[in-house]
Peer 1: 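This structure is in structure tokens; I'll ask about it shortly.
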Amino acid sequence: METTQFPLIISVDDHTVEPAAVWQDRLPRKYRDVGPRIVRAPLKEMTFLGGRFKPVMGTPGGDEGPLGDWWVYEDLHRPLTRLDTAVGCARDEVRLEVITYEQMRPGSYDVSARLADMDVNHVQSALCFPTFPRFCGQTFTEAADRELALLCVRAYNDWMVEEWCGPAAHGRLIPLTLIPLWDARLAAEEVRRNAARGVRAVAFSEIPPHLGLPSVHTDAWDPFLAACDETGTVIAMHIGSSSRMPSTSADAPPAVGSTITFANCCFSMVDWLMSGKFERFPHLRVMYAEGQIGWIPYILERADVVWEENRGWGGVADKVRRPPSELFAEHVYGCFFDDAFGLRNLDAIGAGNVLYETDYPHSDSTWPASREVGEAQMGHLAADVVERIVRGNAIELLGLTPEGLWRA
């Protein structure tokens, strides 16, 4: 494929590092001392083993240790780390360490700088997941004060729509909003509130029970799912949105989890395919950010075999009335940024069910070479197929303009 032919990328999985004033500017005054705020403080200790991230903040001005910017919210202390924003650093220099805003690439948190970095990377438009709220707003779900937590969710969504994806972004940043996960009816209200201003994507957990929430096999989520079905809002699930990255043991190094990051998406997709939700909510669509796609063909084959041969005793005969592979084709999207194996098996997945991403500014990101990676891995595909994967499917799924831009 000639370089000039590669389409402009629409990335369905990038990330924003929230500016320090997101909540301080939007919360009622009485909550500003307990709502999310940035404190510069030293690091006392930090580990990342067995899929668990455990940082300990020191006393500002009192303890020794490297200085970083920390989000403080109720009893939570969460530092900004190099893994949050690693683009521009050599791979061997990316370590688990605390950083300040001044030590990160400005495109992580600044709209104009982000657009410039997108230009460098042949990216036209991008959908961005959060950082401090975590991938589906778990931070607020775990909070003690639910009234404040709901205000925090709404404040984040207002910032996402009005500022991050506001006029300065020229339609190139696509909004992804949060919901109050602890209340499906409030979640439905938030979906509809944001859909009314043009939002077509909402973040959700790939395995809610890991957060102490009901599974998709219950009716608990039905108000939320109905709102998504009615408004055409896609449910976006990022790896780690269950606050539990896959691992094998409590002492397994991060490299183990990094190798099997797709596992939660795999488990989640089987949950959804066997839940009956796609037949109850026929317009519902879900996507798996950063889950890659190479594992999908076998899971679809296995799910069809189980449905065909074991659905009687498997507990799904009365609610899953079509082969899971058919449901997948109509309702599920896999997302990848570096998966040559999956692209070699695209026929077993479906070109209409695949989306491209760059993962900016995370350590796995292909920035600034996402175009080159795509050219190398998609060179065997027809031009119209590449067009669908790199931008066409995203335009249809997220309700973008034909030019690939978001319009409120």
Side-chain angles (χ1 to χ4, degrees), residues 7-15 118 123-129 135-136 160-161 165 169 171-179 191-192 194-204 206 224-239 241 265 268-269 272-273 277-278 281-293 296 325-337 339 342-343 346 349-359 370 374 378 384-408:
L8 281 170
I9 298 166
I10 296 178
S11 173
V12 296
D13 171 32
D14 286 356
H15 300 263
M118 288 163 62
V123 173
Q124 179 185 24
S125 306
L127 180 83
C128 296
F129 284 82
F135 294 139
C136 66
M160 167 62 62
V161 174
C165 301
R172 296 180 61 190
L173 294 173
I174 307 162
L176 172 70
T177 52
L178 304 176
I179 55 169
V191 167
R192 292 190 172 97
N194 291 306
R197 46 185 178 174
V199 177
R200 288 283 297 273
V202 64
F204 191 63
E206 82 261 82
F224 163 65
L225 300 181
C228 293
D229 181 78
E230 293 164 12
T231 60
T233 300
V234 62
I235 297 176
M237 294 173 281
H238 195 285
I239 59 167
S241 56
C265 295
S268 174
M269 191 178 82
W272 282 88
L273 292 176
K277 298 303 183 185
F278 293 139
F281 302 102
H283 304 295
L284 196 63
R285 291 187 285 183
V286 305
M287 57 170 269
Y288 288 100
E290 209 172 318
Q292 312 301 343
I293 60 174
I296 292 175
S325 60
E326 291 185 11
L327 298 173
F328 171 88
E330 295 177 7
H331 299 275
V332 183
Y333 293 77
C335 311
F336 78 100
F337 57 82
D339 192 341
L343 289 166
L346 185 63
I349 302 168
N353 297 84
V354 174
L355 305 166
Y356 199 39
E357 57 191 20
T358 78
D359 197 29
S370 301
M378 299 183 215
D384 63 323
V385 173
V386 175
E387 176 82 15
R388 292 186 70 183
I389 293 171
V390 174
R391 58 185 289 110
N393 291 336
I395 288 172
E396 185 277 329
L397 181 65
L398 299 171
L400 306 180
T401 68
E403 297 77 26
L405 302 174
W406 178 66
R407 181 174 55 204

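Treat the numbers as computed from the prediction; the structure is a model and nothing was measured.
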Peer 1: Identify the two heavy atoms, one from Gly334 and one from Ile293, that lie closest to each other, and give their separation to 0.1 Å.
Peer 2: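 Looking at all heavy atoms of both residues, the closest pair is C-CG2, 3.8 Å.
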Peer 1: So, Glu396 side chain and Gly352 main chain: donor-acceptor pair closer than 3.5 Å or not?
Peer 2: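 Here the side-chain-to-backbone pair does not exist.
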Peer 1: Step by step, would you call Val332 with Trp272 a side chain to side chain contact (heavy atoms under 4.5 Å, CB included)?
Peer 2: CA-CA 9 Å; Val332 183; Trp272 282 88; 5.9 Å; no
Peer 1: If you look at every heavy atom in Val385 and Ala351, which pair is closest and at what distance?
Peer 2: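 Looks like CG1-CB, 4.0 Å.
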Peer 1: Start with the C-alpha gap between Leu173 and Met118, add the side-chain angles, then the distance that decides, and say whether side chain to side chain contact (heavy atoms under 4.5 Å, CB included) holds.
Peer 2: CA-CA 10 Å; Leu173 294 173; Met118 288 163 62; 3.9 Å; yes
Peer 1: Looking only at heavy atoms, what is the nearest atom pair of Met237 and Glu206, with distance?
Peer 2: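 Residues Met237 and Glu206, closest heavy atoms: SD-CA, 3.8 Å.
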Peer 1: Can you tell me how far apart NZ (Lys277) and CG (Leu284) are? Round to the nearest 0.5 Å.
Peer 2: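 Between atom NZ of Lys277 and atom CG of Leu284 there are 10.0 Å.
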Peer 1: At their closest point, which heavy atom of Leu127 faces which heavy atom of Val12, and how far apart are they?
Peer 2: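 What the structure gives for the nearest pair is CD2-O, 3.4 Å.
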Peer 1: Could you tell me the separation between the CD1 atom of Ile349 and the CG atom of Leu343, rounded to the nearest 0.5 Å?
Peer 2: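 If I round to the nearest 0.5 Å, the distance is 7.5 Å.
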Peer 1: Quick one: does any side-chain atom of Ser11 pair with a main-chain N or O of Thr358 as donor and acceptor, under 3.5 Å?
Peer 2: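 At least one qualifying donor-acceptor pair exists.
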Peer 1: List the steps, then state whether side chain to side chain contact (heavy atoms under 4.5 Å, CB included) holds for Ile235 with Leu225.
Peer 2: CA-CA 9 Å; Ile235 297 176; Leu225 300 181; 3.7 Å; yes
Peer 1: Report yes if the side chains of Asn194 and Thr233 come closer than 4.5 Å at any heavy-atom pair, otherwise no.
Peer 2: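 The answer is no; the side chains never approach within 4.5 Å.
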Peer 1: Is the Phe129 ring parallel, tilted or perpendicular to the His15 ring (thresholds 30°, 60°)?
Peer 2: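 Phe129 and His15: tilted rings.
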Peer 1: Could you state the interatomic distance from CE (Met160) to OG1 (Thr177), rounded to the nearest 0.5 Å?
Peer 2: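 Separation between the atoms: 8.5 Å.
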Peer 1: With side chains defined as the heavy atoms from C-beta onward, is the minimum distance between Tyr288 and Met269 less than 4.5 Å?
Peer 2: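 Contact flag for Tyr288/Met269 side chains = yes.
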Peer 1: Could you tell me if the side chain of Pro7 sits less than 4.5 Å from the side chain of Val386, heavy atoms only?
Peer 2: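 With C-beta onward as the side chain, the pair touches.
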Peer 1: Hey, could you give me the CD1/CG distance between Ile174 and Leu405, rounded to the nearest 0.5 Å?
Peer 2: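 Those atoms lie 8.5 Å apart.
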Peer 1: Considering non-hydrogen atoms only, spot the tightest contact between Phe281 and Asp229 and give its length.
Peer 2: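 Closest approach of Phe281 to Asp229: C-OD1, 3.2 Å.
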Peer 1: Nearest 0.5 Å, what's the SG-CZ distance between Cys165 and Arg407?
Peer 2: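 Between atom SG of Cys165 and atom CZ of Arg407 there are 15.5 Å.
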Peer 1: Identify the two heavy atoms, one from Leu178 and one from Ala203, that lie closest to each other, and give their separation to 0.1 Å.
Peer 2: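 That would be CD2-CB, 4.0 Å.
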Peer 1: Under 3.5 Å, side chain of Arg172 to main-chain N/O of Gly404, donor-acceptor pair present?
Peer 2: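 Side chain of Arg172 to backbone of Gly404, a donor-acceptor pair under 3.5 Å: no, none is there.
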Peer 1: Could you check Phe336 against Tyr356 for ring-ring contact (aromatic ring centres under 6.0 Å, His included), going step by step and ending with a plain yes or no?
Peer 2: CA-CA 5 Å; Phe336 78 100; Tyr356 199 39; 5.1 Å; yes
Peer 1: Is there a donor-acceptor contact under 3.5 Å from the side chain of Asn393 to the main chain of Leu355?
Peer 2: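 No, Asn393 side chain to Leu355 backbone: no donor-acceptor pair under 3.5 Å.
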Peer 1: My understanding is that only one of Ile10, Leu8, Leu398 makes a side-chain contact (heavy atoms from CB on, under 4.5 Å) with Ser125; could you say which?
Peer 2: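 With Ser125 as partner, Ile10, Leu8, Leu398 yield a single side-chain contact (heavy atoms from CB on, under 4.5 Å), made by Ile10.
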Peer 1: Under the criterion side chain to side chain contact (heavy atoms under 4.5 Å, CB included), I'd like the reasoning laid out for Ile9 against Ser370: C-alpha separation, chi angles, the key distance, then a yes or no.
Peer 2: CA-CA 9 Å; Ile9 298 166; Ser370 301; 3.9 Å; yes
Peer 1: At what distance, to the nearest 0.5 angstrom, does CG of Asn353 lie from CD1 of Ile296?
Peer 2: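 These two atoms lie 8.0 Å from each other.
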Peer 1: Determine whether Val202 and Phe224 make a side-chain contact, defined as any pair of heavy atoms from C-beta on separated by less than 4.5 Å.
Peer 2: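 SC-SC contact between Val202 and Phe224 confirmed.
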Peer 1: Are Glu290 and Cys335 packed together at the side-chain level, in the sense that at least one heavy-atom pair is separated by less than 4.5 angstrom?
Peer 2: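 Glu290 vs Cys335: side chains apart.
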Peer 1: Strictly below 4.0 Å, N to O, side chains only: are Glu230 and Arg192 in salt-bridge contact?
Peer 2: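 Salt bridge flag = yes for Arg192 with Glu230.
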